[in-house]
Amino acid sequence: MKRRNFIELLTVTGGAVVTASLVNLPAKALAEVKSSTTAKGQESLTADVVIIGGGLGGFAAAMAALRNNQTVILTEETDWLGGQITSQGVPPDEHMWIETHGGTQLYRDFRTAVREYYKRNYPLTAEAKNDPVLNPGKGTVSRLCHEPRVAVAVLNDMLAPYISSKKLVLLLEHKIQSADAKGNKVNSVMVKELRSGKMKLLTAPYFVDATELGDLLPLTGTEFITGTESKKQTNELHAPEKANPNSNQAFTMCFAIDYVPGERHVIEKPRDYEFWAKHVPDLEPAWAGKLLAWHYSDPRTLKPKSLGFDPEGRPTGDLLNLFNYRKIINKDNFKKGTYKGDITIVNWPQNDYMLGNLVGASEKDFNKHVDSAKQLSLSLLYWMQTEAPRPDGGKGWPGIRLRKDIMGTEDGLAKYPYIRESRRIKAVFTVLEEHVGFENRATVAKTNKPTAAHFYDSVGTGYYHIDLHPSSDRVNYVDFPSLPFQIPLGALLPVRMENLIPANKNIGTTHITNGCFRLHPVEWNIGESAGLLITFAKNKNVLPRAVRENKELLKEFQQFIGSEGVEISWPKK
């Protein structure tokens with residue numbers, strides 16, 4: 001649907017609605033972000049929306065608000081926007097239909113812009129340059145495997161006009177420290193500039209928690225859940241008998257490598273190499289043996305499964321060649337001599353860190369676990385360079401090279417851990433396995449050809465199989481089929497807080513359903529819909545929950561987001 005100006009959609013529908021009574025709610029959008037100085041000498045910034053977290057959800061929320069004439073303050077802990085696709089180093093995990101549907105138009109515009117960036121700036125072959133669905137790396141995980149830096153460039157370009165016009169203040173390398181919340185409302189938040197230590201006070205009528213771990217939730221007193229729910233609580237087929245709030249998915253410190261035959265790029269032996277070289281994950285059901293090996297537990301069956309690895313491109317038979325899985329540069333796409341070898345991202349079972357939980361961790365424990373995870377990733381690299389078994393019977397590939405430049409860090413590892421699980425709001429509506437899981441849905445619907453539950457309040461679509469990596473409390477993979485699903489508005493609404501909206505992995509899902517809601521295009525859709533919800537509620541002078549509670553208002557909102565390029569249903573077959 002063609003996007004229209006927001007004003008064109010503001011028609012009076014009648015019906016009772018809940019009137020907003022938010023702190024400092026302006027009658028109309030601010031012309032630009034306002035700056036002042038507090039009594040304590042701190043800088044104070046005021047906008048229509050404050051978004052904490054510059055990952056894909058936070059970015060999409062910002063874009064949705066900005067293009068509808070709202071002013072935005074957007075913060076990000078690292079110096080790169082983009083979260084999992086950039087600072088965490090993970091190429092897009094997407095479904096097979098993403099080129100045409102099952103995501104927002106803005107997300108597809110971003111993907112197109114990534115391809116155009118390569119075509120405009122890189123020495124591509126004629127064939128690659130003319131390929132409308134160019135995959136720079138030809139990685140098998142996605143139809144668009146690309147470098148983190150290219151995504152950063154594209155995201156920055158998309159925000160540039162709003163920064164120039166002072167509609168947006170972008171605060172990179174700023175971390176949330178505290179929040180002032182009274183009753184059901186957030187009044188302000190305090191962020192720290194990580195380099196200088198200076199504090200900034202941020203105020204707005206609305207706040208978006210787009211952090212990777214749901215950091216605003218405890219700071220604002222917003223009710224939340226962590227870890228796994230029990231079968232008794234959710235009646236989900238794959239839920240455990242006992243709830244465990246400390247059981248969250250493993251995180252990963254990703255890194256990039258290439259391979260230069262005949263050269264030696266072996267790193268210094270990592271500090272904790274001896275530990276990781278011998279380590280066998282203590283999981284239930286049992287892992288397949290040592291972690292640093294070309295095998296793992298099959299996610300579906302949990303039986304030992306062999307993996308292939310050959311950076312020289314030789315066939316690995318029926319085995320998945322890990323080197324090709326998340327390959328972000330394939331030298332054959334570029335003019336001869338541009339690259340010495342292909343470049344790939346290492347985000348594999350072998351560097352999933354299972355020995356610590358980041359959700360709710362103190363700063364000291366967070367740093368300790370991240371440091372240990374870095375040692376695991378470096379140990380995997382050293383093992384590949386020196387001891388990993390080769391198809392020809394030899395050991396190690398000394399020509400494997402750590403590409404520090406790809407991640408933009410001194411140690412070559414991603415700027416931030418790849419987070420798979422967060423605190424989750426206690427929501428007005430919670431997505432359960434019976435809504436999106438194939439087997440559970442088939443049981444509920446009493447059919448062997450089920451479709452996902454229909455949500456009358458849908459604000460988006462998505463799809464990914466339910467993919468839960470081993471947990472921080474000894475639970476092995478949980479992985480099973482899901483169905484193309486809708487994103488319910490109720491999952492974006494906290495049960496009590498009125499002006500805080502989630503925009504990441506912190507929406508109203510369970511531990512189980514988080515497994516299909518946590519990937520790139522879904523996070524983007526959640527964020528974009530969150531930004532549009534705030535815009536709509538603010539212009540209507542109602543609370544966000546009123547949009548869902550009033551049938552006519554909900555219909556109008558869904559028409560609005562449809563005009564903005566957000567799909568709320570899957571095409572009929």
Side-chain angles (χ1 to χ4, degrees), residues 15-23 25 49-53 57-58 60-61 64-65 179 181 183-186 204-211 214 216-225 234 422-432 435-436 453-462 485-510 513-514 517-518 522-523 525-558 560-561 566 568:
V17 296
V18 182
T19 301
S21 57
L22 300 176
V23 175
L25 180 64
V49 187
V50 167
I51 301 171
I52 306 298
N184 301 333
K185 302 179 183 69
V186 182
Y206 284 97
F207 295 82
V208 173
D209 184 350
T211 62
L216 255 66
L217 305 184
L219 294 176
T220 58
T222 303
E223 292 81 1
F224 65 89
I225 300 167
T234 64
S422 167
R423 300 174 182 90
R424 305 182 296 277
I425 63 166
K426 287 187 178 180
V428 170
F429 180 86
T430 301
V431 181
L432 305 175
H435 299 129
V436 296
H454 171 73
F455 295 133
Y456 75 92
D457 61 341
S458 174
V459 292
T461 58
F485 56 80
Q486 295 173 305
I487 303 168
L489 176 57
L492 275 65
L493 298 171
V495 291
R496 182 179 58 85
M497 296 301 284
E498 296 174 350
N499 66 334
L500 186 147
I501 304 294
N504 203 312
K505 295 173 285 289
N506 52 352
I507 67 167
T509 62
T510 64
T513 57
N514 166 69
F517 273 75
R518 65 180 178 82
V522 181
E523 181 189 336
N525 194 150
I526 291 166
E528 193 170 350
S529 294
L532 294 172
L533 174 64
I534 289 170
T535 296
F536 186 83
K538 189 168 173 291
N539 279 277
K540 284 291 187 181
N541 198 33
V542 300
L543 295 175
R545 69 180 65 247
V547 177
R548 183 175 186 266
E549 292 168 355
N550 182 275
K551 186 169 72 172
E552 293 302 318
L553 207 55
L554 175 62
K555 180 180 179 182
E556 186 181 350
F557 177 61
Q558 289 174 322
F560 166 49
I561 65 176
V566 176
I568 65 171

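Excluded from the calculations below are hydrogen atoms, water molecules and symmetry mates; all remaining heavy atoms, backbone and side chain alike, are included. What you see is a predicted model; the values in this text were computed from it and never measured.
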Taking only residues two or more places apart in sequence, or in another chain, which ones meet [X] in a side-chain hydrogen bond (donor to acceptor under 3.5 Å, both in side chains)?
X	result
S458	none
T430	none
S422	none

Applying side-chain contact (heavy atoms from CB on, under 4.5 Å), run through I425 and L217 and close with a yes or a no.
CA-CA 7 Å; I425 63 166; L217 305 184; 3.7 Å; yes

Got a second to check how far [X]'s [atom1] is from [Y]'s [atom2], nearest 0.5 Å?
X	Y	atom1	atom2	value
I568	F455	CD1	CZ	13.0 Å
R545	L493	CZ	CG	6.5 Å
D209	F224	CG	CZ	10.5 Å
I52	L216	CD1	CG	6.0 Å
N499	K538	CG	NZ	12.5 Å
R424	T513	CZ	OG1	7.5 Å

Give a yes or no answer on whether the side chain of [X] reaches the backbone of [Y] with a donor-acceptor pair at less than 3.5 Å.
X	Y	value
T220	V186	no
R496	G221	yes
N504	G57	no

Partners passing side chain to side chain contact (heavy atoms under 4.5 Å, CB included) against K426 (at least two apart in sequence or in another chain)
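Once residues adjacent in sequence are excluded, the partners of K426 under the side chain to side chain contact (heavy atoms under 4.5 Å, CB included) criterion are E223, I225, V495.
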
Listed by chain and number, what are the side chain to side chain contact (heavy atoms under 4.5 Å, CB included) partners of L554, not counting sequence neighbours?
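Counting only residues at least two positions away or on another chain, L554 forms a side chain to side chain contact (heavy atoms under 4.5 Å, CB included) with Y456, D457, L489, Q558.
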
Check [X] against [Y] and note the closest heavy-atom contact, atom names and distance.
X	Y	result
G214	N506	CA-ND2, 4.2 Å
V49	A65	CG2-CB, 4.4 Å
L492	I526	CD2-O, 3.9 Å
G490	A427	O-CB, 3.6 Å
A530	I501	CB-CG2, 3.6 Å
T222	M497	OG1-CG, 3.2 Å

Salt bridge (Lys or Arg N to Asp or Glu O under 4.0 Å) with R518: which residues, sequence neighbours excluded?
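R518 satisfies salt bridge (Lys or Arg N to Asp or Glu O under 4.0 Å) with D467 only.
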
So do L432 and T510 actually touch side chain to side chain, heavy atoms under 4.5 Å?
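Yes, close enough: below the 4.5 Å cut-off.
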
Scan L532, L533, T535 and name whichever one has a side chain to side chain contact (heavy atoms under 4.5 Å, CB included) with I561.
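Only one option passes, and that is L532.
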
Between H435 and F429, what is the ring plane arrangement, given parallel below 30°, perpendicular above 60°, and tilted in between?
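If you compare the ring of H435 with that of F429, the planes turn out tilted.
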
Test item: side-chain donor near acceptor, S529 and N525, under 3.5 Å:
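N525 and S529 do have a side-chain donor-acceptor pair below 3.5 Å.
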
